[in-house]
Amino acid sequence: MKKKPRKVKHEFLYFAWRNWKLRLGLLVVFFFVLLAIVGPHLTPYEPWAYVGPSARPPCKEFWFGTTMFGQDVFTQFVHGLYPVFLVGVLGGGLATVIGTLIGFTAGYRGGWVDEILNTFTNVVLVIPTLALLLILAAYLGVRSFFIQAVFIGCTAWPWTARAVRAQTLSLKAREFVDLAKISGMRPAKIVLTEIAPNMLSYLVMVFILQFGGAILNAATLDFIGLGPTRGISLGLMMQIALLWGALPLGMWWWFVPPGLAIALLVGALYITNVGLDEVFNPKLREM
Amino acid sequence: MIELEHVTKIYRLGTFGRRALRAVDDVSFRVAQGRVVSLIGESGSGKTTIGKMILRLIPLTSGRILFEGNDISALSGRALKDYYRKVQGVFQDPFSSYNPIFKADRIFRILKTEFFPTVGPQQWDKRIREVLSTVGLVPEEVLGKYPHQLSGGQLQRFLIARALLLDIQFLVADEIISMLDASTRIDVLNLLAELRNNRGLSILFITHDLSLAHYLSDEAIILYRGSIMESGDIEKVFQRPLHPYTQILLSSVPRLDQKWEETEIRLKVQEGKRTAGCPYYDRCYLAEKGKICADLKPQLVEAEEQHFVACHRFREIPKEVKHAAGQTRGTSLA
Amino acid sequence: MTRYLVRKVTIYLLTFFLAVTIDWIIPRFMPGNPIQTMLSRAALRAEAVEVMRGYYLKAFGLDVPVWQQYLNFWKAVFHGDLGVSVYLFPKPVIKVIAEAIPYTLAILVPAIILSWIAGNKFGAFAARRKWLDSTLLPMGYFLTATPYMWLGIFLAWGFGVALGWFPIAGGYSFAMTPNLSWKFVLDLLWHWFLPFASLFLVMFGGWAIGMRNMIIYELEADYSQYLESLGAPRRLIRSYAFRNAILPQITGLALQMGTIAAGAVVTETVFSYPGIGSLIVQAIQNQDYFLIQGCFLFIIIGVLLANFIVDIVYLIVDPRTRRGMIGEI
Amino acid sequence: MNILEVRDLRVYYQTIKGEVKALDGATFSVAEGEIMGLAGESGCGKSTLGRSLVLLKPPMKYVDGKVFLEGEPLPIWDREKMNAFRFAKVSLIPQYAMNALNPTKKIKRIFADILASRGIRLKQVLSELNWRFELVELPLEVLKMYPIELSGGMKQRVVMVLSTLLNPSLLIADEVTSALDVSTQKAVAKMLVEFRDQRFVKALIVITHDISLLYQIADTILVMYAGKFAEKGGTEEIISDPKHPYTRLLISSLPKIGVRYMETKLRGIPGHPPSLLEPPGGCRFRERCPEAFEKCGEEPPFITLDSTGRQVACWLITGNHD
């Protein structure tokens with residue numbers, strides 16, 4: 001039986017599709033993205049409007065039931081999804097950018113620059129970010145999702161900086177960087193055209209983790225009352241639910257969906273990251 | 001062509017750079033026009049560091065490197081680019097010299113944008129085909145391929161072709177054949193030899209393999225822990241090795257025409273801390289007796305015409321050891 | 001090795017200094033003025049308000065120039081005098097916190113240690129069985145992705161409200177007065193369980209996943225292959241791999257301290273468990289600045305201390321840092 | 001009596017692009033006290049042969065073939081059953097010897113744990129261990145140190161002592177000297193010969209791409225090309241009178257000290273080895289062989305030519321024999 005070797009055009013795509021973790025993760029994430037976009041058009045109500053009887057369990061009329069004040073939980077839920085993505089992308093993105101810049105400069109320049117940046121990273125790494133976020137959040141009376149995303153972005157970057165620094169150090173030692181230097185390329189150009197493309201796959205994975213982390217941080221902040229002062233977010237929903245005794249009254253439909261959504265979304269992001277890691281790094285593939 | 005004057009390189013280690021590693025220690029030599037000089041040393045001897053310093057990839061700690069008389073560390077911008085037009089390098093690991101996510105011939109495109117922006121596409125394509133045939137590659141076989149689709153030998157020749165596009169005068173070949181298989185290795189060496197003969201290219205051939213060095217070069221420099229032990233015309237150095245280290249090297253190389261001599265190799269553990277005195281003191285069988293070896297670092301002295309050695313006691317080396325090491329028996333196999 | 005310690009200590013001192021400075025900023029730059037909120041609450045007549053303002057200014061040491069206040073603050077910190085709580089007025093902050101700390105430590109320390117041990121054991125075990133790896137591991141990812149507070153609420157609702165096995169609020173039953181009887185201790189444990197379980201589960205997921213990846217990596221390492229070619233039993237190979245895979249998990253523990261502290265705060269709020277967590281949240285709502293300042297001082301000290309302990313443990317466990325190679329934190 | 005006998009061993013690699021026929025039918029034997037050099041360029045299957053005799057695990061796949069160790073069948077396809085043979089009967093000095101020791105364990109602990117897995121206490125072999133450490137010029141304090149504190153050469157020698165501690169009948173040394181400096185290379189190579197002379201091992205297979213090294217230490221040399229055997233014979237005969245065109249071209253392309261470009265221009269072998277995903281029919285060296293003729297379309301058998309056990313797989317030689 002002469003087995004014809006399969007013509008494998010792009011090894012990466014071949015593996016990416018076979019990897020069930022990647023498929024599952026992306027599927028769940030897209031589901032929530034879709035829900036965030038389509039959701040608000042599905043319900044006639046406004047998140048804060050009093051539209052029905054109070055504390056009604058989920059029924060045909062109100063898919064996720066109503067709150068203590070008769071607001072439709074499903075409407076609040078779908079409207080609350082959008083800021084979760086906003087803070088996730090902005091906060092996660094900002095943290096990735098800052099982490100990459102600091103890690104990259106430390107790794108590429110080396111010497112005392114590396115020393116200083118590294119110490120700074122270790123310091124911010126150890127500081128309990130909640131203290132920082134509290135002061136900044138409390139200091140600004142009026143808080144928007146954007147501000148919250150910036151806060152989270154500015155405090156979540158240290159571990160990314162360390163990872164990117166290690167990656168840069170290993171790439172910098174590669175000989176094609178030397179070859180570029182003796183081809184007369186300026187350092188900035190070397191960084192952009194030679195080193196950065198190699199790190200792209202790595203940065204995508206780092207961003208996904210930061211995205212998940214940012215969502216969790218945002219929900220925590222909203223929950224202890226430091227979230228945005230206007231608008232609705234899943235964290236805020238849970239805070240209000242707890243504040244108004246949804247727990248003792250057993251109004252599970254008020255606090256279960258928001259938390260569950262965050263857990264599923266962030267879990268899916270982590271699993272996507274694992275899938276990508278397996279696709280890029282053959283060692284984990286056989287497992 | 002290229003001249004090194006008292007070149008030293010000290011690496012700072014540890015957090016605040018307290019520990020210093022003296023990688024290259026007061027090295028001076030010259031590579032004349034159209035000559036192949038091989039820089040021979042084991043790992044950690046500083047040979048690659050010297051290669052990188054000539055290519056301006058790492059700064060010197062002290063001393064000067066002159067190209068056609070002027071100091072290369074002073075060059076910058078335009079002047080540095082002109083320097084790279086004349087001086088190029090090829091590195092050890094062919095697979096690490098190419099950015100994996102681009103096609104292999106991208107290294108030509110980089111040269112075009114950096115050095116020949118005004119040259120027309122057809123003319124540039126013709127030049128590429130020219131240099132590819134000079135290095136013995138069939139353009140259709142190698143152009144448009146990714147690095148992992150080419151063999152080590154092909155990739156190395158690609159790098160040499162790249163250097164030839166710049167019609168260079170000086171090439172630093174840093175262990176370029178150590179990753180290649182024996183059968184393809186020799187063709188790359190023949191290519192370098194032809195470039196020297198036809199184009200008067202001078203080459204600094206960095207290697208740890210004595211037989212390859214002997215095959216290709218006119219002069220040899222033996223390096224050990226950053227200092228030159230012995231240098232000079234390759235025939236003289238290999239026939240009548242004067243420095244104990246060179247003798248040990250020559251007697252240790254596995255050869256096809258001669259069994260290993262029974263000279264005992266004392267595998268002393270290499271202590272790193274000796275700073276004063278001769279770098280080879282710890283492993284040298286001669287050094288036990290003399291006191292001078294421990295305190296004073298020997299300078300290169302001309303033992304005979306075109307043959308230098310850095311050892312206080314090279315005249316006292318017993319007859320039979322010198323004979324055994326340098327002896328070459330029989331001619332090469334047909 | 002000493003250089004490794006010196007580097008560590010300098011970073012911690014630097015961090016402590018920076019964190020405490022930020023901590024000091026809280027009352028000075030927060031919107032509104034702590035004195036104002038107190039006065040408005042006291043609802044006194046106009047001139048009485050002025051007298052009280054003078055008194056409070058002096059009481060809180062706000063009458064001196066800013067840099068003077070900063071120095072006084074450092075002196076006070078070392079004396080343990082963290083000022084007086086605005087909301088619960090005459091009660092000094094230090095006393096309020098002292099009452100809350102034992103509760104926080106009670107749920108935090110056991111949760112961290114037990115989840116770390118269980119998580120690592122389970123992660124190593126999961127890497128061995130194919131079916132275990134592909135079924136229970138996604139559950140691990142789900143757990144570590146769950147917001148701390150949601151799991152808290154979920155457990156409270158599930159076991160508290162629906163099944164009624166556990167109380168869903170408070171450190172101990174309201175009816176009881178704290179005394180050293182066996183009955184009271186049992187009641188304490190009864191209230192302690194759910195917040196502990198919630199913290200435990202979220203952290204457990206994280207360690208399990210980390211260990212699973214690390215141990216696969218170690219089993220692929222050259223020394224494992226060599227052991228296999230020497231016919232070493234699976235058990236020996238796995239114990240070597242586990243031993244090396246645990247090291248990054250120790251550093252991981254240090255890095256997680258910040259997020260764990262945040263987790264504790266929200267979990268306590270869910271269960272209104274009288275630890276520092278719920279104390280801070282109340283302080284924020286009541287804008288009780290000095291209490292917030294005091295609480296965060298303790299959190300900062302706690303996190304730094306924990307980090308330092310973990311680093312010392314790492315030093316003892318990993319020979320490479322002791323002999324030659326300088327370990328990165 | 002032959003220590004090792006291998007008949008028609010086939011071991012392939014499974015990759016996403018299909019099966020790489022790394023080792024396609026190996027038949028040879030190693031006599032007692034024989035140091036057999038296994039030479040060939042990268043990708044010729046020599047490491048696959050060496051590794052499959054000790055630890056045959058995915059992505060390597062056993063296809064067929066029989067292996068006998070001192071007359072007894074060696075179940076190389078059964079990963080569990082082989083445990084009894086590994087270390088005691090057949091042992092390997094791996095290519096990655098420099099980092100084969102667990103970095104966080106003292107050398108003494110590693111020795112003790114592995115010996116314990118065979119029911120031997122370290123104390124029982126301590127005197128033998130001292131003698132062997134001295135033989136490989138390692139100070140005794142090494143036992144108390146961590147691998148991180150040893151140089152590459154020292155780690156390699158520790159692995160050499162460990163792999164041969166139970167006096168296995170067959171030792172396979174995979175590229176033992178390629179990462180070493182020239183002077184340490186000679187010392188380590190001579191130690192391998194010493195291990196055979198001291199009867200630590202009954203037979204030795206030295207895998208390397210450096211034929212001149214084999215000329216110094218090996219009794220016989222087996223040359224491989226693209227997963228197949230090209231030629232086997234005594235070291236002197238192979239070097240002075242190579243029969244297979246590939247061996248001849250390979251040896252002539254090696255620069256010797258004393259040979260210079262000016263006087264004799266050596267020739268490499270044009271082209272490169274065939275892909276083993278879809279190996280060509282007949283002799284695999286056909287494309288690059290200057291003396292190839294139409295008979296080479298059929299696969300040349302690996303025939304013993306004379307009483308000295310000289311074997312070659314090439315129609316040019318064996319063609320006019322039968």
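Residue numbers begin at 1 in each chain, while the letters A, B, ... track the order of the sequences. Scope of the values below: all heavy atoms of this structure, side chains included, with no hydrogens, waters or symmetry mates.
Rounding to the nearest 0.5 Å places OG of S212(D) at 5.0 Å from CG of L256(B). Distance check: I217(D) CD1 to K259(B) NZ gives 9.5 Å after rounding to the nearest 0.5 Å. Remark: L180(D) CG to S252(B) OG distance equals 12.0 Å, nearest 0.5 Å. The structure places NZ of K265(D) at 5.0 Å from CG of N190(B), a figure rounded to the nearest 0.5 Å.
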Q) side-chain contact (heavy atoms from CB on, under 4.5 Å) between S251(B) and K186(D): does it pass, once the steps are laid out? A) CA-CA 9 Å; S251(B) 67; K186(D) 176 175 178 180; 4.2 Å; yes
Q.
Go through it in stages, so that I can follow the logic: the residues are D181(D) and H208(B), the test is side-chain contact (heavy atoms from CB on, under 4.5 Å), and I'd like the CA-CA distance, side-chain angles, deciding distance and then a yes or no.
A. CA-CA 8 Å; D181(D) 294 333; H208(B) 63 276; over 6 Å; no
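Looking at every heavy atom in both residues, A182(B) comes nearest to S253(D) through O-OG, 4.0 Å. For the pair Q216(D) and R255(B), the tightest heavy-atom approach, listed with the atom from each and the gap, is NE2-O, 2.7 Å.
L214(D) does not touch chain B: none of its heavy atoms, backbone or side chain, sits under 4.5 Å away. Of the two parts of L254(D), only the side chain, counted from C-beta on, holds a non-hydrogen atom closer than 4.5 Å to a non-hydrogen atom of chain B. For D209(B), no part lies under 4.5 angstrom from a heavy atom of chain D. In this structure, the portions of E194(B) lying under 4.5 Å from any heavy atom of chain D include both its backbone and its side chain.
Ranked by heavy-atom pairs shorter than 4.5 Å toward chain B, the options Q185(D), R267(D), R248(D) are led by R267(D). Contact tally against chain D (heavy-atom pairs below 4.5 Å) for S151(B), G44(B), S43(B): the top residue is S43(B). Comparing G136(B), A193(B), G152(B) by heavy-atom pairs within less than 4.5 Å of chain D, the highest count is held by A193(B).
For the pair H209(D) and D181(B), the minimum side-chain heavy-atom distance is 4.5 Å or more.
Heavy-atom neighbours of K145(B) NZ from other residues, nucleotides or ligands within 6.0 Å: above the threshold of 12. The number of heavy-atom neighbours closer than 6.0 Å to CD of E134(D), taken from other residues, nucleotides and ligands shown, is 12 or below.
Judged by distance alone, the side chain of D187(B) and the main-chain N or O of P270(D) form no donor-acceptor pair under 3.5 Å.
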